[in-house]
Participant: 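Structure in structure tokens, see below.
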Amino acid sequence: MSSVVVSELNEVSLKHLPMDRWMTHLPCALWDMPLWNMAIPGSHNAITYCLDKSDRSPVDLTQPDMLQKLDKYMKPLIRPFVYKWAVTQECTPSEQLDCGVRYCDLRIAHRPNDNSNDLYFYHGVYTSITVETVLKEIREWLDAHPREVVILSFSHFLGLDQELHTQLITTIRNVFTSKLCPKTEMATLRNLWTLGYQVIVSYEHYVVNCHADLWSHIPYWWANKCKAEALIEEFECKKLNGRPDGFFVTGINLTEDLKYICSHPTESLKDLVMSTYPALLGWVRNQTPGSNTDSLNIIAGDFVTESQFVPTVVALNEKLLNWPS
């Protein structure tokens, strides 16, 4: 599909772009717009498709003490319960990128009692795949999609000391090399394409001040609600106070509380998410990207390959084409 055809929005909506290359095919009127003023689909807790199901992975240290003790002594009973509420994405990074995801929420941990320097992702339990392995997969995908740009948010560090932070930053640089976009660059598609940059890395740690190729932590609006209506109400209140400058995320990911889990013993997080997506996507369709105080930027969700989430977010960029010149 050529960009010339795509630009004829009366004939083709942005939601019909090939999602593995939607940035490549955007109309040229959007090439000079900062990415923080565009609508970008994101993946909340992006690497949970490979949570470790072996006995060697404990539950992560952010979990309540009671759950950690129950898991230690009643693992066969507790662990399936943990998994069904901990998995937020079922697809690999490449599959998520193929579906159009361009922001990944990456939560990094060093496993307790691990004598190696290997780093993993975590949510409830730790992953079986290392951070370096996932970053190399993303690099290979970017090599095959040279005009796509990915925003990687490293945050919620668990068990990392200064040495491990240094190692992680070195790994990021070694994997992405010249694809890393410095924070001094204007992040527009035209500029990034010209300079060959494809990766924007944000890093939630004070070391970010010492590195020109790491961007500051990207704010994440989290509603902490288990019902779609309550989440939408929370975000409408946040919008009244204005959007942050630069990149920011609106996380339409629902959060189950103990009361909800106990009252729905046969369900899972996926059941909850999929049942609320119609209402959540209805709200998303009414949002507008841009620089206005009530505009949204990155919108992240769970199980993002399972619904019309990504095309719905991408299509919001059509509203930018109606801006007066």
Side-chain angles (χ1 to χ4, degrees), residues 20 22-23 34-36 38 40-50 88-89 91-109 119-123 127 129-158 160 164-183 185 187 189 192 195-205 207-208 211-220 246-251 253 297-302 304-305 310 313:
D20 65 325
W22 67 265
M23 286 180 163
L35 292 178
W36 51 78
M38 294 176 62
I40 298 174
S43 175
H44 166 250
N45 253 317
I47 314 299
T48 56
Y49 71 96
C50 55
T88 58
Q89 311 293 340
C91 292
T92 67
S94 295
E95 291 169 337
Q96 293 181 47
L97 294 169
D98 278 339
C99 286
V101 166
R102 293 296 177 267
Y103 164 90
C104 294
D105 170 22
L106 306 176
R107 306 186 179 200
I108 313 297
L119 297 177
Y120 298 86
F121 306 93
Y122 72 99
H123 190 226
T127 59
I129 296 177
T130 65
V131 170
E132 183 173 8
T133 299
V134 167
L135 298 187
K136 287 180 177 178
E137 180 179 340
I138 294 173
R139 166 65 194 249
E140 291 179 4
W141 188 91
L142 290 169
D143 286 341
H145 301 78
R147 286 164 71 90
E148 298 300 301
V149 177
V150 175
I151 302 165
L152 305 180
S153 177
F154 291 78
S155 67
H156 294 73
F157 298 107
L158 183 61
L160 273 70
L164 288 173
H165 276 291
T166 299
Q167 174 191 305
L168 175 56
I169 293 169
T170 299
T171 299
I172 292 169
R173 287 176 173 150
N174 288 343
V175 170
F176 295 117
T177 61
S178 61
K179 293 184 184 293
L180 276 178
C181 176
K183 57 190 171 188
E185 287 294 339
L189 287 176
L192 297 179
L195 298 173
Y197 297 137
Q198 287 185 270
V199 183
I200 291 172
V201 169
S202 78
Y203 205 86
E204 189 185 23
H205 193 272
V207 299
V208 73
H211 301 281
D213 49 2
L214 301 180
W215 293 58
S216 297
H217 175 61
I218 296 174
Y220 194 110
F247 290 111
F248 82 104
V249 184
T250 304
N253 47 288
N297 174 213
I298 300 166
I299 303 175
D302 293 329
V304 291
T305 63
V310 171
V313 175

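Along the sequence shown, residues are numbered consecutively beginning with 1.
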Participant: Assess whether side chain to side chain contact (heavy atoms under 4.5 Å, CB included) is satisfied between L106 and F121, documenting all intermediate values.
Facilitator: CA-CA 7 Å; L106 306 176; F121 306 93; 3.9 Å; yes
Participant: Please identify each residue that fulfils salt bridge (charged side-chain N to carboxylate O under 4.0 Å, His left out) with E132, with sequence neighbours left out.
Facilitator: K136
Participant: Find out whether W141 and D98 are in side-chain contact, i.e. whether some heavy atom of one side chain is under 4.5 Å from a heavy atom of the other.
Facilitator: yes
Participant: To the closest 0.5 Å, what do you measure between CG (L135) and OG1 (T171)?
Facilitator: 7.5 Å
Participant: Show the numbers, then the answer: is there a side chain to side chain contact (heavy atoms under 4.5 Å, CB included) between S155 and H217?
Facilitator: CA-CA 8 Å; S155 67; H217 175 61; 4.1 Å; yes
Participant: Sequence neighbours left out, what passes side-chain hydrogen bond (donor to acceptor under 3.5 Å, both in side chains) with D105? Give chain and number order.
Facilitator: R107
Participant: Check each of I138, I200, V134 against L152 using the side-chain contact (heavy atoms from CB on, under 4.5 Å) test, and report the only one that passes.
Facilitator: I138
Participant: Are side-chain heavy atoms of V207 and I169 found at a separation under 4.5 Å?
Facilitator: yes
Participant: Between Y203 and F157, is the ring centroid distance below 6.0 Å?
Facilitator: yes
Participant: Counting C-beta onward and ignoring hydrogens, is there a side-chain heavy-atom pair between D20 and L97 closer than 4.5 Å?
Facilitator: no
Participant: Determine whether W215 and I151 make a side-chain contact, defined as any pair of heavy atoms from C-beta on separated by less than 4.5 Å.
Facilitator: no
Participant: Ignoring hydrogens and geometry, is there a side-chain-to-backbone donor-acceptor pair from T88 to N45 under 3.5 Å?
Facilitator: yes
Participant: Between M38 and M23, is there a side-chain heavy-atom distance shorter than 4.5 Å?
Facilitator: no
Participant: Taking it one step at a time, do Y120 and I129 satisfy side chain to side chain contact (heavy atoms under 4.5 Å, CB included)?
Facilitator: CA-CA 7 Å; Y120 298 86; I129 296 177; over 6 Å; no
Participant: When you compare the side chains of N253 and Y220, does any donor N or O come within less than 3.5 Å of an acceptor on the partner?
Facilitator: yes
Participant: Between I47 and Y49, is any pair of side-chain heavy atoms under 4.5 Å apart?
Facilitator: yes
Participant: Taking side-chain contact (heavy atoms from CB on, under 4.5 Å) as the test, write out the residues that go with T177, two or more places apart.
Facilitator: R139
Participant: So, do D213 and K183 sit near enough that their side-chain heavy atoms are less than 4.5 Å apart?
Facilitator: no
Participant: Hey, could you give me the OG1/CG distance between T133 and L119, rounded to the nearest 0.5 Å?
Facilitator: 11.0 Å
Participant: Are the side chain of E204 and the backbone N or O of I218 linked by a donor-acceptor pair below 3.5 Å?
Facilitator: no
Participant: Heavy atoms only: give me the nearest G100-P41 pair and the separation to one decimal.
Facilitator: O-CG, 3.2 Å
Participant: Can a donor-acceptor pair be found, under 3.5 Å and without considering hydrogens, that links the side chain of Q89 to the backbone of H44?
Facilitator: yes
Participant: How far apart are the closest heavy atoms of D143 and K179, and which atoms are they?
Facilitator: OD1-CE, 2.9 Å
Participant: Is any side-chain heavy atom of E95 closer than 4.5 Å to a side-chain heavy atom of T305?
Facilitator: no
Participant: Test F247 against L35 for side chain to side chain contact (heavy atoms under 4.5 Å, CB included), laying out the working first.
Facilitator: CA-CA 8 Å; F247 290 111; L35 292 178; 3.6 Å; yes
Participant: Please verify the inter-ring angle class for H165 with H205; under 30° counts as parallel, over 60° as perpendicular, anything in between as tilted.
Facilitator: tilted
Participant: Within the side chain of N297, is there an N or O that forms a donor-acceptor pair under 3.5 Å with the backbone of V249?
Facilitator: no
